[in-house]
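Written below as C-alpha cells is the structure these notes are about.
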Amino acid sequence: MWDGKQLNQFTKETFGDRPLIVVSNREPYIHSKSDGIINWSRGGGGLTAVLDSAMAAMGGTWVAWGSGNADWEVTDKSSTVAVPPNNPSYLLKRVSLTPEEVEHYYYGFSNRFFWPLFHQFTERVLFLEKDWLCYKNVNSHFANAVLAEVKDKESPVIWIQDYHLACVPLNLRKHKPDASIALFWHIPWPPYDFFKIAPCRQELLESLLCCDLLGFQTDLDRDNFLEAVEKELMVPVHFSSHTVTYHGHTTLAKVCAASIDASAWMKIASAPGIEEKVLKVRQNLHLPSSGFFGIGVDRLEYTKGIIERFSAIDIFLTRYPQFREKFTFLQIASPSRTAMLEYQEYGRKVEHAADLINAKYRANGWKPIEYCPFHVESETLAVYYRAADLAIVSPFADGMNLVAKEFAAAQIDEIGVLLLSKFAGAAHEMPGAVLVDPCDLEEFAEEIKRALDMAPSAKKAAMQNMRAYLAINNVYKWVKDLLLPLSHQSQIPQCQQGSAPLLQSPSGPPLLP
Ligand code: F6P
C-alpha cells in the first residue's frame, strides 16, 4: 500500500534533481488577519486537501493564487512561504490577482463559462470575450510565476491542476521547452455536442496539447476529450494508445482517478473519545435507538443536486410513514463562490426546500432535515460519518466526488450505506455503493428505503469492499500512477508511421526532455 514515505522515495528515484512544481488556482493555506493577529487556515475544496498530503510527502513548490488578506505579510520577496505552517515541508508561491482579474478570470470565465459547460448545465453558460481575454492573461501570470522558479533548472516536472489553468501549458511550452508538463482535469469532460458550444475551443485544445500528459478521472472523460481533439483539430487520434501528436508533440491522455488519504481518515475516525461524540450526535437529533441518520456533505453548488435529494427524501417519507420521527438527514453545505448571485440564489432555494419539507413532517421535536450551511472541519465530519447509517452523494455531474470516498474511509464500524449518483466519477470505482439516478426521484426514494432495510451483513460486506479498495487506491498511489509517464525512462507512445499529424512543426518541443 502506498504511503507518504513511498511517494517520497518514488519522487526521488523517478525525478532525481528535477524540480517539481504543482500549479493550482486555490492555495492550500490561507493567511488572514483579524484584530492585528495573523492566522492560517486550509484552503477550501477537496483538491487542495488531497494535494497537500501528496506535496507534504514529495516536497517541491506549489504555485497558487494568494487569496488571503494577510497572504503577502508572510511571504518572502519571491512571494514564497514554507508550508504546512505548523510543519513546513514544501514551498507555497503565491500569485497576486487584482479584484478585476478575480472577477473575470475566476468568477467569469472559470465559474460562469467552464464550470456550467463542462457539467452540462448549458442554460447557465455565459461566454464573454472580456472574461476569456482576462483568463488567458491570468493564466500567463501563473505561467510566469512557474517560469521564475524553473528558469535556470533543467527538465522541471510541472503539474497543473484543473480547468482554471487550461492555457498555462502553452505559455510554459513556449518558454521552457525542456519541461515535462502534466495537467489533471478534475471535472468532467463533456461529450463533443456540449464542448463544441465553446467559442474558444480550438485555443483550449491547442494549449492542452502542449502537455506531455493529460490526466482524467474516468474513461468517458478521456474519450470525450480525444473525440473533441479529433473533430476540432482534425488530427489523427490514437484511441488504442490514447495519444495525440499535434505540431510534432505527443500528448498522452491517461485515466487516473483522484483519491484521498484513506489512512488519515481512518485515523481521524478512530480518535480517542469519538464514540461518545457519535452517541451524542444521535441523541441530539431526537432519534430513537432504532432510528436512522443520513448525511450529505457538499459545497453549496447547483451541480450537487441538493434540492432533488430533499425531494427524494420527501417522497420516501410520504411513501413510508413508518420512518417519520425515525429518520433524520443532516445536510452540510459549505458556502462556495458566495460573491456570485446565482450561488446566493441557489443557497436560498436549498434552504427554502428544507423548510418546506420540515414544515410538512415536523413532530414532537423531530424534523426530517437538519440543514447546516457552514463549512465543517474534518474532525467533526468524521464524527458525523461514523454516526451515519447512510450517506447520500447525488450530483448531476461530478468529476470524482471525494466525499463519497471520505465517508467510506471513515466507516470504522462498516455499518453505513453509500448512496451514490451514477453520474459521479466515484461511481466507476466504488464497489458496494448503491447507485442512484438523481433525476429519477421516485426510484431514488426507493433506494433510500432499500438502503435502510439492508441486512447488516450486506452493509458490512459492501463497506468492506469499498474500504479495501480505498486502502490501496489512495492519494499517494494516484499521484505515483499519474506522474510515472513523466519519468525519463518512461516512454509516452509515439505516433505510428503513416499517421503523422497534419500540422508538423520542425521546431516543436521534444516529447520528453
Ligand atoms: O472539482 C474540482 C474543484 O477544483 C474542486 O477542488 C473544488 O471543490 C472546485 O472544483 C472548485 O471550487 P472553488 O471554485 O471554490 O475553488
Side-chain angles (χ1 to χ4, degrees), residues 22-53 55-56 61-107 110-111 138 141-142 145 164 264 268 271-274 277 280-281 284 297-301 330-348 350-351 370-384 406:
V22 161
V23 200
S24 73
N25 172 61
R26 280 260 170 240
E27 57 180 342
Y29 295 95
I30 299 174
H31 287 90
S32 28
K33 197 175 196 173
S34 67
D35 299 332
I37 298 169
I38 297 179
N39 284 310
W40 61 268
S41 58
R42 287 174 169 277
L47 179 157
T48 51
V50 296
L51 272 179
D52 177 54
S53 315
M55 282 299 278
T61 302
W62 184 333
V63 175
W65 165 34
S67 58
N69 66 9
D71 269 357
W72 307 96
E73 294 188 37
V74 297
T75 51
D76 63 16
K77 58 181 188 315
S78 63
S79 310
T80 301
V81 57
V83 290
N86 54 353
N87 182 22
S89 49
Y90 66 93
L91 297 175
L92 169 62
K93 183 181 172 89
R94 287 172 166 150
V95 175
S96 165
L97 300 181
T98 65
E100 212 193 346
E101 285 172 332
V102 174
E103 174 53 34
H104 294 288
Y105 144 78
Y106 174 67
Y107 292 116
S110 300
N111 290 328
V138 167
H141 295 340
F142 276 90
H164 307 92
I268 306 174
I274 196 165
K277 291 182 188 163
K280 203 152 188 112
V281 164
N284 289 347
V297 179
D298 302 85
R299 279 189 306 110
L300 189 45
E301 156 68 53
L330 170 66
Q331 177 63 53
I332 294 170
S334 53
S336 181
R337 304 170 188 170
T338 46
M340 294 173 73
L341 289 179
E342 45 273 59
Y343 280 76
Q344 294 166 14
E345 194 191 343
Y346 184 71
R348 283 192 292 274
V350 171
E351 195 149 358
E370 291 286 343
Y371 180 57
C372 169
F374 311 111
H375 173 72
V376 173
E377 292 297 334
S378 310
E379 286 69 18
T380 310
L381 274 186
V383 176
Y384 292 137
E406 290 172 6

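Positions are given from 1, in the same order as the sequence printed here.
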Kindly give the heavy-atom pair with the smallest separation between [X] and [Y], and that separation in Å.
X: V95; Y: A145; answer: CG2-CB, 3.8 Å
X: W65; Y: V102; answer: CZ2-CG2, 3.6 Å
X: L381; Y: E406; answer: CD1-OE1, 4.3 Å
X: A64; Y: L92; answer: CB-CD1, 4.3 Å
X: S32; Y: N69; answer: CA-OD1, 3.0 Å
X: V81; Y: V74; answer: CG2-O, 3.6 Å

Any side-chain heavy atom of [X] sitting closer than 4.5 Å to one from [Y]?
X: N25; Y: S110; result: no
X: D298; Y: Q331; result: yes
X: V22; Y: L51; result: yes
X: Y384; Y: C372; result: no
X: D52; Y: P84; result: yes

Rounded distance [0.5 Å steps], [atom1] in [X] versus [atom2] in [Y]:
X: I274; Y: E379; atom1: CD1; atom2: CD; value: 9.0 Å
X: N284; Y: L330; atom1: CG; atom2: CG; value: 11.5 Å
X: Y105; Y: L97; atom1: OH; atom2: CG; value: 6.5 Å
X: Y343; Y: L300; atom1: OH; atom2: CG; value: 9.5 Å
X: R26; Y: Y106; atom1: CZ; atom2: OH; value: 4.0 Å
X: I30; Y: N39; atom1: CD1; atom2: CG; value: 12.5 Å

Taking the side chain from E73 and the backbone from A70, do they hold a donor-acceptor pair closer than 3.5 Å?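 No; judged by distance alone, with no hydrogens or angles, the pair does not exist.
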Can a side-chain donor-acceptor contact be found between Y29 and R94 if the only test is distance below 3.5 angstrom?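 The answer is no; no qualifying pair exists.
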Begin from the C-alpha positions of S67 and E27 and carry the test side-chain contact (heavy atoms from CB on, under 4.5 Å) through to its verdict. CA-CA 8 Å; S67 58; E27 57 180 342; 3.4 Å; yes
R337/E301 salt bridge by N-O under 4.0 Å criterion: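 Salt bridge between E301 and R337, a charged N being under 4.0 Å from a carboxylate O: yes.
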